[in-house]
Amino acid sequence: MLPLARRLLLFAAASLLLAFAAPAQAAPRWHKWRGAPTGVFRTGAYSRGQREWIYTNGIHQAQGANTDGKHRTDYFTKPGPIDPGFMQRDVYLAETYDLFGTHRSTHNGDYQLPQDAKRYPEGTADLAEVRLAVEGRYLYVRFAWNSMPRRDAQIATLTFAPQGATPSAVAWPHNARLSSRWSSALTVWGTGGALARRKRRERRVSVRTGNHVTEARIPLNLLPRASWTLGGGAGLSDPKARSRYWTVPAGNATATAPGSRGSTSPTNVWDLLFARDRPWTFDELRQGDDLASGSVGGDTAAVEPRILQGAVVRVAQPPAVTGDLSRVFESRLFQGDGIHKEAGAAGTPSGGSASEGANQTFLYTGRRQYYGMHVPARYPASHGRWPLIVYLHGFTGLPDEAFHNPVGLIDTADKRGYIVATPLGRGDYFYKGQGDLDVLEVIRDVSKRYRIDADRIYLMGHSMGGYGTNNVAMHHPDLFAAVAPAEGTDSIPLHANLRNLPWFEMSAEEDLDTGAKDARSLYGKLSADGYDATLLVYKTKIHEYSSIYDTLPRLFGFFGAHRRVRDPGIVTWTRPGGDMPRVGVRYDGAYWLRGVRSAAGATAQVTVTSRAISHRLDSPGASARTDRTVDEGGPTGRTLAELTQTVPARTPFVSLANALEVSATGALALSADLRRARLVVARGKALNVTVVADRSLRLALNHVAGRRVSVSVDGHPAQIVRLRRGTASLLVSSGHHTLRVAPHR
């Protein structure tokens with residue numbers, strides 16, 4: 001038998017070997033976030049799988065405390081008790097909500113970021129979303145930031161208190177200078193984080209950062225066992241002590257430090273979670289006032305951890321949110337954080353002084369964008385699909401314009417059963433380029449969230465929004481049932497694209513478009529082509545929103561009389577430039593015409609006709625035209641106007657045939673969707689094609705049956721074309737040719 005000492009030595013060695021051989025306890029994996037947010041400002045809900053709780057906090061809300069005691073409208077001279085339809089009211093609302101950026105300079109919260117916009121872009125302290133999830137023994141928290149210039153620029157706090165318990169209010173940790181009722185408080189900064197518990201030592205927690213997100217992992221046994229009452233907020237991380245909130249000094253910001261604009265800074269929190277503002281607001285009254293008081297008060301949310309742990313709890317999904325609301329979505333376009341500011345038209349609040357934001361135009365560049373909506377209260381109980389009005393705001397405006405300035409627009413839409421969406425035009429560029437994308441993405445997001453009738457989507461807007469209405473409509477005529485620009489207008493060379501889209505413009509003799517010159521010019525072009533066009537020119541108005549609210553009965557009658565033509569018999573397309581392939585936007589056609597490509601130095605103009613779709617003959621000279629003086633009878637009393645209308649010719653329908661007609665100038669290529677055009681190339685069925693082109697043209701026919709087709713040109717056999725994914729690609733020389741495309745045996 002071995003001596004005791006030797007046995008002890010061998011035992012120790014074996015124990016050591018086993019220790020090295022045993023696998024180390026694996027760190028828990030980070031949660032993979034799968035839930036889809038509701039996207040409604042200031043609302044939280046469990047995901048459909050009930051394993052995540054997601055709260056949408058909105059964007060552009062990190063304005064801090066109301067240090068000067070004023071709300072936005074307090075900066076403006078208020079009119080007396082007057083008829084809301086008259087110009088005085090109109091001008092006041094324009095000043096308060098829209099006049100050249102003045103509304104952007106007056107906030108209910110007064111904090112200013114350091115002036116170094118590269119290090120502190122707009123939205124640096126702005127929380128867009130908060131998520132909670134439980135896996136195993138841990139709670140996972142995800143903060144999503146509107147801007148994230150650096151991983152250590154922000155600091156955020158989430159507090160926990162047991163529901164039903166009433167602990168006394170106590171200050172948040174890490175120099176937040178804000179009090180609320182809590183028993184545990186998570187604070188994250190950069191790549192660090194800690195959980196504070198009352199009367200206990202703070203404990204560090206695991207934190208990781210990603211693309212515009214900061215995540216934390218907390219052991220569940222450190223949190224209240226009962227249902228949670230949450231509070232929270234965010235601010236700037238002190239560059240000299242990253243784990244502390246940066247103190248906001250009195251006065252204006254400098255290049256390297258924030259400022260409060262006011263004389264005092266009661267808290268270092270900029271953006272308060274769960275503020276009990278109405279679901280819709282751009283004013284943030286509650287948040288600014290609560291931060292000024294230095295207390296969270298009742299700004300909390302309730303979360304049940306058992307649901308996050310997968311307990312079988314029946315959770316009613318929240319009904320569709322109705323009324324006036326704001327939504328947030330993630331755009332396909334990201335051009336960097338913050339807001340790029342440029343010099344704009346001068347504007348100063350009456351009774352106030354020009355401050356940051358006045359006389360500036362804003363280009364919103366971030367990935368997250370927001371828009372306004374109005375949903376009638378009866379929507380959840382209804383069945384079927386609803387019509388949608390998309391309203392485009394004016395120069396330097398915001399999505400709230402439609403809710404204040406065209407008096408009665410939202411109320412009338414509500415009574416008549418329309419949903420309204422108001423995009424934010426990113427930049428004051430008349431909804432061209434990225435502004436055009438904003439409109440497309442808002443329509444897509446609304447249609448995903450609500451039952452929208454795709455054949456009853458209407459587009460309108462005032463001033464720059466009127467220009468935008470024409471611009472977007474001429475780039476996407478196949479999306480809308482009718483369009484109604486107001487006091488905007490641009491006689492752009494794309495007017496022919498409105499062939500199948502009814503157009504109604506409201507203008508004024510004393511508008512910025514003096515004498516409605518451009519409006520009359522555009523109407524003249526549409527009328528000359530025999531399109532459905534209406535122009536109403538008020539005799540005694542200037543550039544004012546009453547051009548809309550004096551016209552509401554006629555406007556809604558116009559909308560109600562039209563539905564989208566999905567696949568018209570004739571499509572005309574003038575090829576715009578400015579494609580955005582990075583975000584999937586190409587202006588290469590509409591309806592069943594696509595793939596239009598212009599020759600170098602030329603603008604492609606194409607008209608295609610399907611004889612298989614029932615339509616009337618193209619006869620502009622036979623269109624009915626009227627010109628008369630009318631009194632719209634609106635609330636302002638200044639409602640005499642000239643009404644000019646063109647109604648397309650009511651000629652006989654063309655005889656149906658399996659025939660395609662193509663007329664093209666300046667085009668190198670185009671494609672026709674035969675299925676949507678109701679044309680056929682299949683067994684025993686040949687397609688007759690007439691082409692008139694000023695240069696060689698690549699013609700693609702989609703949805704052709706079989707593997708090969710035989711093509712004859714002007715009665716002579718020409719070639720056999722092998723199909724590629726159901727598409728026959730034909731090269732047609734310049735001139736006038738007749739083709740016969742038949743299945744090849």
Side-chain angles (χ1 to χ4, degrees), residues 41-42 58-82 88-89 91-115 122-123 125-126 177-178 233 235 247-254 257-272 275-278 280-299 324 326 339 341 344 346-360 362 396-401 403-405:
F41 169 60
R42 297 296 197 198
I59 57 176
H60 308 309
Q61 307 294 336
Q63 303 294 346
N66 179 8
T67 60
D68 63 2
K70 287 185 176 182
H71 297 140
R72 180 167 76 174
T73 53
D74 294 329
Y75 288 84
F76 300 86
T77 302
K78 296 181 180 179
I82 59 173
Q88 185 179 353
R89 166 81 174 188
V91 171
Y92 169 70
L93 289 173
E95 281 188 334
T96 309
Y97 292 98
D98 187 48
L99 185 61
F100 301 131
T102 55
H103 60 312
R104 300 178 187 178
S105 67
T106 53
H107 304 289
N108 299 308
D110 309 307
Y111 287 12
Q112 298 171 322
L113 287 163
Q115 295 167 2
E122 194 90 12
D126 200 355
R177 294 174 61 195
L178 189 69
T247 295
V248 183
N252 288 327
T254 66
S260 70
R261 278 201 185 113
S263 57
T264 60
S265 174
T267 174
N268 298 323
V269 174
W270 292 57
D271 188 15
L272 188 63
R276 299 298 178 113
D277 283 292
R278 292 173 297 144
W280 156 276
T281 177
F282 290 96
D283 285 332
E284 284 290 85
L285 301 177
R286 176 68 178 261
Q287 171 173 287
D289 291 347
D290 281 3
L291 290 176
S293 72
S295 174
V296 170
D299 298 322
D324 299 338
S326 177
I339 298 175
K341 300 176 182 179
T348 302
S350 56
S353 60
S355 57
E356 182 186 9
N359 194 30
Q360 287 183 318
F362 289 23
T396 74
L398 289 173
D400 58 341
E401 176 184 306
F403 296 82
H404 304 288
N405 287 331

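Hydrogens, waters and symmetry mates play no part in the numbers below; they use all other heavy atoms, side chains included.
Checked against side-chain contact (heavy atoms from CB on, under 4.5 Å), A257 has the following partners two or more places apart in sequence or in another chain: W246, T254. Legend: residues meeting salt bridge (charged side-chain N to carboxylate O under 4.0 Å, His left out) with D290, ordered by chain and number and at least two apart, are R286. Not counting sequence neighbours, S260 has no partner by the side chain to side chain donor-acceptor pair (under 3.5 Å) test.
Proximity of a side-chain donor or acceptor of D110 to a complementary backbone N or O of G262 within less than 3.5 Å is not detected. N66 places no side-chain N or O within donor-acceptor distance of the main-chain N or O of D289, the cut-off being under 3.5 Å. Of the possible donor and acceptor atoms, one in the side chain of Q115 sits under 3.5 Å from a partner among the backbone N and O of A253.
The two residues R177 and N268 have their closest heavy-atom pair at CD-ND2, 3.2 Å. The two atoms that bring F41 and G58 nearest to each other are CD1-CA, 3.6 Å, heavy atoms only. Taking both residues in full, the closest heavy atoms of T264 and A250 are given as N-CB, 4.4 Å, listed atom of the first, atom of the second, then distance. Here the closest non-hydrogen pair linking A292 and A65 is N-CB, 3.6 Å. Pairing each heavy atom of Q112 with each of R261, the nearest pair is NE2-NE, 3.2 Å. The heavy-atom pair separating T247 from P258 by the smallest distance is O-CG, 4.2 Å.
In this structure the side chain of W270 never reaches within 4.5 angstrom of the side chain of D126, judged on heavy atoms.
Side-chain N/O atoms of Q287 and R42 include a donor and acceptor closer than 3.5 Å.
Each of T267, D271, L291 was scored for a side chain to side chain contact (heavy atoms under 4.5 Å, CB included) with Y111, with one residue passing: T267.
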